[in-house]
Number of protein chains: 2
Amino acid sequence: MARTTGSDGEKTEAAIREAALDLIARLGFEAMAMRQLAGKVGVQPAALYRYFPTKEELLYALMREHMENLIISWREARPAEGSVEEKPAGRLAAFVENHIRFHLARRNSTHVSNLELRSLSEERLKRILDLRSQYEGELRGILTDGLRDGVFRIDDVSLTAMAIIQMITGVIVWFRPELRLSEDEVAANYHTMTMRLVGAVM
Amino acid sequence: MARTTGSDGEKTEAAIREAALDLIARLGFEAMAMRQLAGKVGVQPAALYRYFPTKEELLYALMREHMENLIISWREARPAEGSVEEKPAGRLAAFVENHIRFHLARRNSTHVSNLELRSLSEERLKRILDLRSQYEGELRGILTDGLRDGVFRIDDVSLTAMAIIQMITGVIVWFRPELRLSEDEVAANYHTMTMRLVGAVM
DNA sequence: AAATTAATAAAACGAACGTTCAATTAATTC
DNA sequence: GAATTAATTGAACGTTCGTTTTATTAATTT
């Protein structure tokens, strides 16, 4: 056999990406075999190589997509200039809420992007870290502005930004949809904690 | 050749543990080859199996040691009963400081224990998570007592405990000894942020 | 309907993997 | 100093890995 009836490159690539995210999130990148991935997609191993030249490029593609989507998500969620919410406290609230919701909606993707950086080559790692730094820069900007306006109490902007990112990303480590708290409640809780953490009066 | 001059089981095992922590922290557990580990220790691959029956048991031993040391560390750092520091705010301060210093002193071990849980079998994973939950229970106890005494403002004790743990463990992700902040400054900073996070007046 | 392109299958490559086994030597015990 | 135990080597086992090559068929274009 060769090309199968109804086969479509776009659909196959999307299926590979989704299956890979699930397998890597569950087993880890190194532990996932290309044969296993092919089996889950319903295709022969060789077919994967039409879409991704190597296993590492597949990982890189998944991570880049995740980071780019995160940046886009914040760009769209960010309060409009001149609005009341555009002041530091409002921007921080929007940042935390967007971050929590984005990550809860993409658990697999988040696990992959956070846990598998070691499997990237030096150059590819650098590109992903650049995107990450770009995103974190948005938070640092918010904190800096709040400090300037005197509405936040912060000892060290960079350290605080890292602490907040770690704290709010950590939600995917413990949160399970079937648990007692809803997504809304969790987001509200993290928002409150973040505001207290930066010394903002709510 | 066979037994080598000056060979000593205890020293060899310690060397294996240390080399494994370094390799797993850098490459990941699945990516580390037993041959590679043996090479770093200066021994043939077969010798490793005298000390650890399988690769997974080696990982489990490393993680258990890490968690047990963490619990012991807190037991010894914990303020004495009846002392001024034994009140919730003092215990929380001691908890954060001990946690930060413990993890900064054991970067490799921390990376392994946080990133490689997926490679454990179900039963072994459960045992490690039990130890982890025992440690986190200490923090939940502190938060609960502070809430009862009215010195903390906390919406959800469990969620707050997870958030604090994630935040303070995250220090090893970005902290580099050669950077501008000293270990003391970092510990003090995390202490301040934690106190604000739980609404304590300092 | 012929020609071309896209998508896949089938089979195989060499390399690397975790692990085992038997033999051998150093250190310790009697 | 003989017997026993501890520590390790060297070689090998079968399996699995990422990847490549070639052939084949479906879909599209001309």
Side-chain angles (χ1 to χ4, degrees), chain A residues 1-24 26-63 112 116 118-122 124-125, chain B residues 1-24 26-63 112 116 118-121 124:
Chain A
M1 265 198 289
R3 179 166 188 171
T4 54
T5 319
S7 63
D8 176 339
E10 269 190 47
K11 286 180 186 169
T12 304
E13 178 173 345
I16 293 173
R17 293 179 107 106
E18 191 189 329
L21 284 177
D22 180 63
L23 285 176
I24 299 174
R26 283 216 323 271
L27 314 171
F29 175 70
E30 294 283 350
M32 176 197 73
M34 293 299 268
R35 284 172 176 79
Q36 197 176 6
L37 175 56
K40 193 178 166 80
V41 176
V43 100
Q44 291 297 315
L48 303 175
Y49 288 83
R50 186 180 168 76
Y51 302 94
F52 303 97
T54 64
K55 194 186 178 190
E56 194 213 320
E57 290 240 39
L58 165 60
L59 176 63
Y60 176 60
L62 297 175
M63 287 189 173
V112 172
E116 309 294 347
R118 278 178 311 210
S119 297
L120 289 180
S121 73
E122 205 171 333
R124 290 199 248 272
L125 174 62
Chain B
M1 266 197 289
R3 179 163 188 172
T4 54
T5 320
S7 64
D8 175 339
E10 271 191 47
K11 286 180 187 169
T12 304
E13 178 173 344
I16 293 173
R17 293 179 108 105
E18 191 189 330
L21 283 177
D22 180 63
L23 286 177
I24 299 173
R26 283 217 322 272
L27 315 171
F29 175 70
E30 294 283 350
M32 177 198 71
M34 293 299 268
R35 284 170 176 80
Q36 197 176 8
L37 173 57
K40 192 178 167 80
V41 176
V43 98
Q44 291 296 317
L48 304 174
Y49 288 83
R50 185 179 169 77
Y51 303 94
F52 303 96
T54 63
K55 195 186 177 191
E56 195 213 320
E57 290 240 41
L58 165 60
L59 176 64
Y60 176 61
L62 297 176
M63 287 189 173
V112 172
E116 309 295 345
R118 279 179 310 210
S119 297
L120 291 180
S121 72
R124 294 202 182 88

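Just the heavy atoms: all of them, side chains too, but no hydrogens, waters or symmetry mates, feed the values below. Small disclaimer: the values here were computed from a predicted structure and weren't measured. Per chain, numbering begins at 1; letters A, B, ... match sequence-line order.
When each of D:dT8, D:dG10, C:dA10 is scored by its nearest atom to the side-chain atoms of B:A47, the top-ranked nucleotide is D:dT8.
Rounded to whole Å, atom C1' of C:dA10 lies 14 Å from atom CG of A:L48. Rounded to whole Å, the distance from OH on B:Y49 to C1' on D:dC13 is 13 Å. One interatomic measurement links the two molecules: NZ of A:K11 to C1' of D:dA26, which rounds to 14 Å at whole-angstrom precision. Put simply, CZ on A:F29 is 10 Å from C1' on D:dG18, counting in whole angstrom units. A straight line from NZ of B:K55 to P of C:dG18 spans 4 Å, rounded to a whole angstrom. Rounded to whole Å, atom C1' of D:dG18 lies 13 Å from atom CD of A:E56. A straight line from CD of B:E10 to P of D:dT5 spans 20 Å, rounded to a whole angstrom. Taking atom CD on A:E13 and atom P on C:dA6, their separation rounds to 15 Å, with Å as the unit.
Within the structure, every side-chain polar atom (N or O) of A:T54 is placed at least 4.0 Å from both OP1 and OP2 of D:dG18. For D:dG10, one of the phosphate oxygens OP1 or OP2 lies less than 4.0 angstrom from a side-chain nitrogen or oxygen of B:Q44. Of the side-chain N and O atoms in A:Y51, one or more sit less than 4.0 angstrom from OP1 or OP2 of C:dT8.
One distance of note links CG of A:L48 with CG of A:L58; it measures 8.0 Å at 0.5 Å rounding. To the nearest 0.5 Å, atoms CD (B:E18) and CG (B:L23) are separated by 10.5 Å. Once rounded to the nearest 0.5 Å, the distance linking CE of A:M34 with OG1 of A:T54 reads 7.5 Å.
Applying the side chain to side chain donor-acceptor pair (under 3.5 Å) definition to pairs two or more places apart or across chains, those involving residues 27-42 of chain A are A:D22-A:K40.
Along DNA chain C, the nucleotide closest to A:A46 and the one closest to A:R50 are compared, and the more 5′ of them pairs with A:R50.
DNA chain C lies under 4.0 Å from at least one heavy atom of each of the following residues of residues 32-42 of chain B: B:M32, B:A33, B:M34, B:R35.
Between B:R118 and B:F29 the shortest side-chain heavy-atom distance does not fall below 4.5 Å.
Under a 4.0 Å N-O distance rule, the pair B:E57/B:R124 qualifies as a salt bridge.
A:E116 places no side-chain N or O within donor-acceptor distance of the main-chain N or O of A:L59, the cut-off being under 3.5 Å.
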